[in-house]
Amino acid sequence: MTENHQGGEFTLSAAIRRYFDVGLYLLIFTGFGTLASTGRLDFSTVLLVTAALLFRGYVLARRRTVLLSERWTNLLTIACVGFYIADEFVISKTFIGAIVHLVLLVMLIRLFSAQRDRDHYLLAALAFVMVLAAAVLTVDSTFLFALAGFVLVGVATFVLMEMLHAARHSPVQAREPSVHHAYRKLSFAIAAVAPMLLVFIFVLAGMIFFILPRVSAGYMSAYTGGNDLASGFSDRVELGSIGQIQKSKTVVMHVQIDGDSAGAYQFKLRGVTLNHFDGRRWSITRDKTLLMRGHDGSFNLQRQESSSEKGRLLHYRVAMEPLLSDVFFLLATPRTLQGNYRTLAEDGEEDVFDLDSEHPVTRYEADSIIRTPLRKSLQEENSGHAPEISKQYFQLPPLDPRIQKLALQITGPVSAPLDKASAVETYLRMHYGYTLQLPQQASQDPIGDFLFARKEGHCEYFASAMAVMLRSIGIPSRLVNGFSGGEFNDLTSHYVIRESDAHSWVEAHIPGQGWMEFDPTPSAAVQPHSRWGRFLLYMDAMSSFWRDWVINYDLGHQLRLTQDASRGSRELVSHAQSWTIGKYEQTLAWARRVQGRIGGSAVKWVLRAFVALLILLCAATTPRLLAFTRRLQIVRRPGKAPQVAASLWYQKMLGTLARRGWKKLPAQTPEEFASAIRDEQLKKQVTSFTEHYENARFGGSVDEASRLPEIYEEIKQAR
């Protein structure tokens with residue numbers, strides 16, 4: 001890029017080109033930053049692209065030129081196609097991942113080879129594709145701020161792109177004027193115009209956003225790959241999967257219980273109930289049955305046990321992040337489930353699954369009965385189990401014989417099934433330690449290794465060990481994977497459930513009481529709240545609003561918003577009427593007081609009104625006075641702004657000639673007007689004045705502008 005500048009004078013096209021290069025670079029950088037903020041890019045890709053973008057920024061800052069040749073550009077583009085095929089089937093093995101890598105590679109190649117308009121259009125399109133990919137890969141509220149920055153930079157870049165395109169392809173090319181401080185003035189213009197356009201865009205988009213309802217997202221979720229949560233809550237779970245999930249603090253879901261504004265509950269959300277154990281993994285061997293929707297639109301959940309349990313009925317709402325899991329997380333003893341789902345299934349053990357591929361598990365409401373079982377030891381409880389219970393929940397693989405001996409040793413002093421289960425639960429809590437740091441290589445016998453060698457592990461090992469020991473001594477048991485605890489956010493009255501809250505516990509079937517919950521995992525120390533934790537709650541509240549009113553905004557939200565707006569408008573009109581009546585009465589009282597004061601001092605109030613009028617007149621004429629003063633200064637000192645001074649002196653000369661009878665017609669050029677003067681002496685002087693005027697007006701010559709006052713005096717004194 002060539003820049004024409006002399007003594008602080010720059011051509012306007014050079015300033016536009018400079019800012020366009022910077023704007024296009026920032027557009028690409030913002031687009032990639034939006035994509036990287038999703039956390040779904042691998043580290044090597046982020047490192048490579050960031051290094052290339054920083055190098056490009058360094059080149060722009062140093063005003064250097066680094067461009068690839070056309071041959072190398074074509075070769076590298078063809079290589080990208082080959083890499084995409086390998087990435088799709090060998091490296092990433094995901095459609096979205098391979099597409100993202102392809103877009104980033106093509107973007108880097110074009111970034112260092114862009115010379116034509118089509119290259120600039122392609123880079124802008126690739127930046128938009130990166131933002132579009134980020135929208136697919138995340139629903140976090142940080143995307144809002146990244147999108148706002150991208151739109152702001154995009155508006156400025158496209159304005160500059162249009163200015164540059166118009167300057168290059170104009171059919172009539174005018175002489176390029178030099179502008180004092182062109183870069184500074186252009187930056188001020190961009191800073192003033194771009195935010196105004198951004199506000200207009202967001203206002204218009206907001207109107208369209210709240211007018212048009214949407215349906216649940218997830219059209220491209222099948223391409224985004226799996227995650228630890230999906231594997232930890234599937235029909236087949238490897239021992240240790242929950243421990244991998246617990247290492248993350250990522251928010252999984254938000255739970256709101258009706259009537260709970262103080263966080264009064266400590267609950268567990270059931271995910272999957274696993275009944276078959278092969279020594280290293282748990283699985284579900286039960287068949288699933290379709291659920292029927294009731295007349296009220298909710299799904300009635302089946303129960304194996306009697307439906308006459310007594311307890312407290314809780315209604316709650318769950319808003320889940322996209323986990324790519326088909327499991328509904330529910331409180332114990334669920335009764336009904338409501339949501340925008342067409343087909344659901346249940347396996348008979350309170351586990352509910354989503355079979356609607358077009359509506360992934362995101363938002364739903366449910367009713368559950370919270371009952372408090374009576375933990376009393378009765379000898380008559382040991383009366384056997386139903387055949388289906390014995391068949392499913394006594395299964396065991398070949399185990400270390402020491403496991404059964406340990407179970408018999410722990411439960412030897414008691415005889416009732418409830419007491420035996422409680423004894424095993426207490427023993428594991430008291431004699432084993434909790435840790436998430438486990439060996440990388442899994443043991444061939446993980447339960448035996450946990451009980452007799454390592455003696456520490458996470459909740460899944462505690463629950464699996466208890467379930468196996470109970471089965472070995474004749475008590476039916478099963479493993480439950482779900483979430484326990486969570487943090488209550490008093491700003492939104494939501495329980496914030498994170499991946500670290502993933503948990504495993506045991507349910508044992510006790511004759512006379514049914515399935516009872518046991519948790520053999522030692523309790524972790526409660527972490528005190530810090531200022532940083534409070535800040536995270538504010539961020540979570542903002543994310544909840546983003547998720548509820550942006551990501552999940554649908555017809556229900558629209559109706560709710562319309563009802564709130566109608567009720568609010570009625571209240572606003574009522575308040576406005578009351579306020580107007582009150583202000584009217586206050587105005588009348590004030591007028592009466594003023595009338596009494598003015599009546600005794602009319603002259604004083606007239607003088608005050610006159611002074612106020614003078615102040616208003618001065619304020620109204622101040623801009624004109626300032627403009628007149630500035631023009632007067634430019635006329636006296638043409639060197640400060642030669643182009644403006646030339647125009648002012650020419651208008652002054654035309655006024656003088658008009659008073660003498662020589663009036664310039666609108667269709668005449670300055671040269672034609674000078675030639676039309678019949679007085680030869682005056683014609684010569686006007687022609688000389690016109691030549692100096694044009695050199696100063698269109699060439700910016702300070703010397704030519706300084707000659708205009710002298711020639712004007714000659715014209716003025718001529719007869």
Do the side chains of Met320 and Tyr364 get nearer than 4.5 Å, heavy atoms only?
yes

Looking only at heavy atoms, what is the nearest atom pair of Thr343 and Asp354, with distance?
O-OD1, 3.6 Å

Which atom names give the shortest non-hydrogen contact between Trp505 and Leu269, and what distance separates them?
CH2-O, 3.6 Å

For a side chain to side chain donor-acceptor pair (under 3.5 Å) with Arg286, tell me which candidate from Asp347, Thr273, Asp235 qualifies.
Asp347

What I want to find out is whether Asp445 reaches Arg280 closely enough, with some N-O distance under 4.0 Å, to be called a salt bridge.
no

Geometric class of the Phe329/Phe483 ring pair [parallel <30°, tilted 30-60°, perpendicular >60°]:
perpendicular

Specify the closest pair of heavy atoms between Gly339 and Arg293, including all atoms of both residues, with the distance to one decimal.
O-NH1, 3.9 Å

Keeping the roles fixed (side chain from Glu365, backbone from Leu337), state whether a donor-acceptor pair exists under 3.5 Å.
no

Looking only at heavy atoms, what is the nearest atom pair of Lys288 and Ala345, with distance?
CB-CB, 4.2 Å

Compare every heavy atom of Leu53 with every heavy atom of Phe32, then report the nearest pair and how far apart it is.
CD2-CD1, 3.8 Å

Rounded to the nearest 0.5 angstrom, the CG-CD distance for Leu290 and Glu346 is 11.0 Å

Looking only at the aromatic ring of each residue, does the gap between the centers of Phe328 and Phe353 stay below 6.0 angstrom?
no

Taking Thr34's backbone N and O only, do any of them form a donor-acceptor pair with Ser37's side chain (distance below 3.5 Å, no angle check)?
yes

Check for a donor-acceptor pair, side chain of Ser241 on one end and backbone N or O of Glu238 on the other, with a separation under 3.5 Å.
yes

Tyr121 atom OH, over 12 foreign heavy atoms within 6.0 Å:
yes

Between Val59 and Phe55, is any pair of side-chain heavy atoms under 4.5 Å apart?
yes

What's the spacing between Thr157 OG1 and Leu152 CG if we round to 0.5 Å?
9.0 Å

Salt bridge flag under 4.0 Å for residues Arg281 and Asp278
yes

dist His276:NE2 -> Leu479:CG (nearest 0.5 Å) comes out at 14.0 Å

Take atom CZ in Phe267; do more than 12 heavy atoms of anything else shown fall under 6.0 Å from it?
yes

ring-ring contact (aromatic ring centres under 6.0 Å, His included) with His120: of Phe158, Tyr25, Phe20, only one passes, and it is Phe20

Examine distances only and state if a side-chain atom of Asn275 and a backbone atom of Thr285 form a donor-acceptor pair shorter than 3.5 Å.
yes

